[in-house]
Amino acid sequence: MNVFKHFRDVLLVELEALEKAGELPSGLDFSRVSVEPPRDPSHGDLATNAAMVLAKPAGLKPRDLAQTIADRLATASHVNGVDIAGPGFINIRLEDDFWRARIRDVLKAGTGYGASNFGAGTPVNVEYVSANPTGPLHVGHARGTVVGDVLASLLAKAGYAVTREFYVNDAGGQIDVLARSAHLRYREALGEDIGAIPEGLYPGDYLIDVGQALAQRDGAKWRDLSEQQWLPEFRTFTTNAMMALIKSDLASIGVHHDVYTSEQSLINSGGVENALETLKSRDLLYRGTLEPPKGRAPEDWEPRPQLLFRASEFGDDTDRPLQKSDGSWTYFASDLAYHLDKYRRGFSTMIDVLGADHGGYVKRMQAGVKALTENKGDLDVKMCQMVRLLAAGEPAVMSKRGGTFVTLKELLDEVGGDVVRFIMLTRRNDAALDFDLVKVKDQSRENPVFYVHYAHARCRSVLRHAATELAGADLSPEALAKVDLSPLTDSAELALMKTMAVWPRTVESAALAHEPHRLAFYLQELAASFHALWTKGKDEASLRFLLPADPALSLARLALVQAAATVLASGMEVIGVKPLEELRS
RNA sequence: GCGCCCGUAGCUCAGCCGGAUAGAGCACUUGAUUCCUAAUCAAGGGGUCGCAGGUUCGAGUCCUGCCGGGCGCACCA
């Protein structure tokens, strides 16, 4: 249950009743009425802006209207008190029993708690990673990979029909370079001394295996043929090998895409012509010459007539070329075709997760989607800023020179996939992020990964102890869901319940905003709430979870602990982090 | 020169389609451990939300212009 949405519905019923009673004019727009947690918990449990939003259109004074609404809300079920504050806020206090009942919600739902049909099954396509198939993933890919994957999981939990997609850029000139590099490795595998890898080719060791595989399969068949003859086969073979590498990297961080779309097959099947035909039919294509960018004209600039898309009519800064001088399509042209393809597959909502270096690409792609779908398609681009790798505060050097770069796999081996997943969400995606290889292994409050793990492990520890101290009691979630919860009266206990009850709302609002980082922040809050309760039990023995002299109270507290563990696990599940039973090693 | 992102406590950052006295961690000060993991917790000081205008009952949040940092800027992907 989303508590806030629930009471918004309650409020709307009351507002409609006021309309009927003539205390409010009919036909008011309630869409801006919200029910939210107040910023300061001392104000109450819920706050609504209804009076402030409606006062003007209703021709009433905010505080007068607030009083009218408050009088009605005061009689609603589970409401314990209503008061008016500030410019016209209505603060609502709920009965403690209402919060205790949320424990039962959690225990019944298990880690499915927080799931909803908020998205109503709307199809959403999340495209992420989409790394060029020219080598293994490196650390620079980690952030987009995690952000995209968790965003997809988040949307799924919120009730959207999510497809995780990877766009394979297997069509450009870079694939020719890849194929040539592989051919060199192939000749090497046949015994030839190839010397240093020439400038401009991919020097990475990962191509040695490709060369050997080809030599083993085909022998010397391709050695003395012309490039024209071997190139197509080398392109295909090597691209497939690189995709296998990438998929293996992704699997090691728990990422599995539903759909891989090949740029080359899109082109081969006439997808680009198709998309351009659509634009042409709307008179959005023309042949023209672009002006050089002011203040920064490229040295080799020459006026050149090109096939252009009228992107500037859709919010872009300039029109954009679609065809290279050799007649082949630009990357943008095939990407237009790709997004039209996604739209035609039923995705009106598309999300692309890109690196910050693609920032200049966003407007044109959004312009393209608008034009191709007549404004029916929506493309949201999540840009991931750079990650700075540090080691104990000092920059950790990574270099692509000589083909040695820090691969994603090396990072995973160093700190583990769970750590990478969590840390990547400890900043908004559009803010730069420091990733300290040493600090993330710290077992301290400063390390959010540890902090959240520790909270869950503490919960599990209590439940393990309970099995012996309350031997014979049924401690299954199903049984705990039935125990009398009324003994839970301490402020720290209620605070924990309230934090847990915010989870469904967090899922929905994070999904709506396409902001997966909110999950990581929520988990830290929830963990803090639990740690606080734990330590309070250290100060006051009567607040310990396990009091063998009082089984009824202990069972109620175990229900709370089990629920806390469940919500923590629910959040970690969406992030893709495995909850731990204990941290002792 | 243009576009995009960012600018919030000494440091690192949250701030939920505009809402109340702007929050958390680190650091600093003080305190809590015979007892479920003190790997934690509690309390305290610390702010012209880059600057200046504007819209609004109300702006850290929206608009405009500056300043500072990052990224990008025809036939790469």
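Below, chain A is the first sequence line, B the second, and so on; all start at residue 1.
In this structure, A/Trp301 does not reach the B/C75 phosphate: none of its side-chain N or O atoms is under 4.0 Å from OP1 or OP2. In terms of phosphate contacts, A/Arg388 brings no side-chain nitrogen or oxygen within less than 4.0 Å of OP1 or OP2 of B/U12. The phosphate of B/A24 has neither OP1 nor OP2 within less than 4.0 Å of any side-chain N or O from A/Tyr522. Side-chain N/O atoms of A/Arg445 include none lying less than 4.0 angstrom from OP1 or OP2 on B/U40. Look at A/Lys538 and you'll find a side-chain N or O under 4.0 angstrom from OP1 or OP2 of B/A38. Regarding contacts with the backbone of B/A24, every side-chain N or O of A/His531 stays at 4.0 angstrom or more from both OP1 and OP2. At B/C2, none of the side-chain N or O atoms of A/Lys363 fall inside 4.0 Å of OP1 or OP2 (strictly under the cut-off). Checking the phosphate oxygens (OP1, OP2) of B/C6, a side-chain nitrogen or oxygen of A/Arg428 falls inside 4.0 Å.
Applying the Watson-Crick and G-U wobble criteria (two distances, each under 3.5 Å), B/C11 pairs with B/G25. Taking a pair to require two hydrogen-bonding distances under 3.5 Å in either a Watson-Crick or a G-U wobble arrangement, B/G45 remains unpaired. For B/G1, the paired base is B/C73 (Watson-Crick or G-U wobble, both distances below 3.5 Å). Pairing partner, B/U40: B/A32, with both Watson-Crick or wobble hydrogen-bond distances short of 3.5 Å. Within the shown strands, nothing qualifies as a pairing partner of B/C17 under the Watson-Crick or G-U definition with both distances less than 3.5 Å. Nucleotide B/C62 forms a pair with B/G54, judged by Watson-Crick or G-U wobble geometry with both contacts under 3.5 Å. Base pairing analysis places B/G68 opposite B/C6; the two distances defining the Watson-Crick or G-U wobble pair are each below 3.5 Å.
Between the side chain of A/Arg427 and the base of B/C13 there is no donor-acceptor pair of N/O atoms closer than 3.5 Å. If you check distances only, the side chain of A/Arg39 does reach the base of B/G60 with a donor-acceptor pair under 3.5 Å.
Of the possible polar contacts, none joining the A/His456 side chain to the A/His453 backbone as a donor-acceptor pair under 3.5 Å is found.
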